[in-house]
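Lettering of chains follows the sequences in order, A, B, ..., and the numbering in each one begins at 1. What you see is a predicted model; the values in this text were computed from it and never measured.
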Amino acid sequence: GGMGGAPGGQMDPNAQLAAAEQEMEMVTDMFARLGELCYQKCLLQRYSDEELTKAESVCTDRCVAKYFQVNREVSEKLAKYSQANQQ
Amino acid sequence: GGMGGAPGGQMDPNAQLAAAEQEMEMVTDMFARLGELCYQKCLLQRYSDEELTKAESVCTDRCVAKYFQVNREVSEKLAKYSQANQQ
Amino acid sequence: GGMGGAPGGQMDPNAQLAAAEQEMEMVTDMFARLGELCYQKCLLQRYSDEELTKAESVCTDRCVAKYFQVNREVSEKLAKYSQANQQ
Amino acid sequence: MYGGGYGQQSYFDQQMQRMMEQKQLKDFMRMYSNLVSRCFDDCVVDFTSNKLNDKELTCVNRCTLKNMKLNERIGQRFAEENAKLMEDQARMGQ
Amino acid sequence: MYGGGYGQQSYFDQQMQRMMEQKQLKDFMRMYSNLVSRCFDDCVVDFTSNKLNDKELTCVNRCTLKNMKLNERIGQRFAEENAKLMEDQARMGQ
Amino acid sequence: MYGGGYGQQSYFDQQMQRMMEQKQLKDFMRMYSNLVSRCFDDCVVDFTSNKLNDKELTCVNRCTLKNMKLNERIGQRFAEENAKLMEDQARMGQ
């Protein structure tokens with residue numbers, strides 16, 4: 001489940017462990033990229049203050065929501081593209 | 001062989017495996033960097049279309065060719081530099 | 001010790017090995033980031049010459065010194081912040 | 001469990017837990033290194049001295065706190081969105 | 001190998017294959033994450049709403065396809081150049 | 001070796017040494033890849049040909065040497081600052 005989506009099923013424990021590791025790796029990698037992107041899109045890198053402004057907070061929420069939408073769009077488009085190219 | 005160039009020879013299987021992994025890691029890392037560089041150098045990040053233009057395609061071919069040339073130049077220069085500094 | 005600062009103590013050898021690896025990873029990661037930052041802050045990316053100019057050398061020394069100071073500031077601020085948020 | 005005993009972890013669970021702990025440590029270190037690089041990059045602009053000046057110090061401190069708050073906010077939203085995603089996938093029987 | 005028979009893989013080959021599979025999965029994931037980040041960065045510019053608007057959606061779709069084609073083209077050229085490089089190295093007896 | 005004795009490495013030391021060697025190789029490769037990317041990015045600007053021109057070649061050579069010197073200088077300062085840091089930590093009994 002989640003963003004990674006490694007398939008489950010009857011695997012030996014070592015492969016299961018490797019798959020779980022892979023999936024966690026994927027999620028934390030996405031999280032790190034998201035952090036960088038929303039920092040660039042939403043933070044005024046001036047630091048006149050130590051608090052997030054209201055505008056920055058709202059921007060951050062939308063940034064995360066839109067990132068997940070982009071993730072879904074890319075994933076669907078990629079699946080179609082791969083299918084088309086295998087036939 | 002290839003871009004990595006880990007030395008072969010009589011190694012125990014585990015070391016051989018580690019060397020093969022290292023070499024593959026090197027090649028895919030180079031590939032990822034190349035992808036980023038040619039995207040920045042050749043793609044007009046506007047997406048008025050889903051096709052690579054003729055100009056973008058040609059630029060990409062040259063980008064890859066030149067990257068390999070830079071790779072060779074740096075590698076030779078570095079070898080000379082290391083030799084000079086060891087004497 | 002050093003920049004990483006993984007705690008020592010009575011650990012089994014495998015955990016000790018993993019901790020040592022983690023710490024080295026931290027130090028080399030910091031070193032790589034420092035290299036990128038001081039390159040951006042101090043090098044005129046023009047290459048009219050193959051030598052570091054006097055100005056670039058001095059800038060580099062200060063860049064490293066200031067990076068370590070930032071490291072210490074962030075580390076202290078983060079410790080206080082975590083403490084405050086746990087109470 | 002017969003002969004097995006309560007609270008005993010299987011080899012799999014032990015490995016899983018060990019992996020999770022190493023992952024958390026690694027993630028924390030990545031977050032920390034990012035923070036140092038970001039605040040250095042955003043705040044340090046004067047290379048006429050080898051000591052941080054007052055303006056840079058203030059900037060670094062605000063940068064640390066503000067980015068920690070940013071990370072936390074992103075973390076909360078990320079967890080929410082990820083939970084929604086897993087729900088959707090479960091509903092579609094995937 | 002005595003009694004060993006056809007199609008049996010040595011321990012080394014098994015490990016090698018396992019490594020290759022994990023590598024491929026990892027490479028695919030990296031490519032995928034790069035694609036998402038790139039298309040987000042290039043296409044999402046409006047933060048007055050929490051839904052992608054039509055312009056952004058179109059951009060993301062084109063971005064995905066165009067960058068897949070770019071990756072494939074780079075992959076082909078990379079393979080060709082790498083083959084040439086290995087030939088050269090073999091010729092020089094290295 | 002008879003009686004156990006001098007010069008024998010424990011399993012731990014062996015593993016430690018192996019790890020250090022792999023780390024050094026990995027670090028060298030990272031440095032090398034960074035150098036190639038940096039000099040490509042800074043020097044290659046003409047895509048009307050598939051061969052490096054003289055200006056680009058000169059630039060790449062200078063870039064390689066200059067960045068090697070930069071890396072070495074950073075390495076020296078880094079080692080000094082890291083030593084100071086460890087001293088401070090030792091003095092504070094941490």
So which of Glu36(A), Glu73(A), Lys41(A) has the biggest tally of heavy-atom pairs under 4.5 Å with chain E? Lys41(A)

Charged N to carboxylate O under 4.0 angstrom, Glu25(A) versus Lys26(E)? no

Under 6.0 Å from the NZ atom of Lys23(E), do we count more than 12 heavy atoms belonging to anything else shown? yes

Step-by-step side chain to side chain contact (heavy atoms under 4.5 Å, CB included) determination, Arg62(A) to Ser49(E): CA-CA 7 Å; Arg62(A) 289 172 179 163; Ser49(E) 151; 5.5 Å; no

Identify the heavy atoms of Lys69(E) and Tyr81(A) that sit nearest to each other, and give their distance. CG-OH, 3.8 Å

Between Glu56(E) and chain A, which part of the residue has a heavy atom less than 4.5 Å away: side chain, backbone, both or neither? side chain

Check the pair Glu72(E) / Asn85(A) against side chain to side chain contact (heavy atoms under 4.5 Å, CB included), numbers first and verdict last. CA-CA 12 Å; Glu72(E) 283 167 10; Asn85(A) 280 33; 4.0 Å; yes

Bottom line for Asn67(E): the part with an atom under 4.5 Å from chain A's heavy atoms is neither

Within-4.5 Å side-chain heavy-atom neighbours: Leu37(A) and Asp41(E): yes

Pick out which of Lys66(A), Arg33(A), Gln69(A) makes a side-chain contact (heavy atoms from CB on, under 4.5 Å) with Phe40(E). Lys66(A)

Need one label for Val60(E): side chain, backbone, both or neither, based on atoms under 4.5 Å from any heavy atom in chain A. side chain

Output the distance between atom CG (Asn50(E)) and atom SG (Cys59(A)), rounded to the nearest 0.5 Å. 11.5 Å

What's the separation between atom CG in Leu78(A) and atom CG in Leu65(E), rounded to the nearest 0.5 Å? 9.0 Å

Reported CE-to-CE distance for the pair Met30(A) and Met29(E), which is rounded to 0.5 angstrom: 9.0 Å

Between Phe47(E) and Asp61(A), does a side chain to side chain contact (heavy atoms under 4.5 Å, CB included) hold up when you go through it step by step? CA-CA 9 Å; Phe47(E) 294 96; Asp61(A) 294 350; over 6 Å; no

Residue pair Cys43(E), Val70(A): steps toward the side chain to side chain contact (heavy atoms under 4.5 Å, CB included) verdict: CA-CA 9 Å; Cys43(E) 296; Val70(A) 170; over 6 Å; no

Choice from Ala65(A), Ser75(A), Ala55(A), Cys42(A) maximising heavy atom contacts with chain E below 4.5 Å: Ser75(A)

Close side-chain approach of Asn71(A) and Tyr32(E), heavy atoms under 4.5 Å: yes

Measure the CZ-CG distance between Arg72(A) and Leu52(E) for me, rounded to the nearest 0.5 Å. 8.0 Å

Contact between Phe68(A) and Val36(E) at the side-chain level, heavy atoms closer than 4.5 Å - yes or no? no

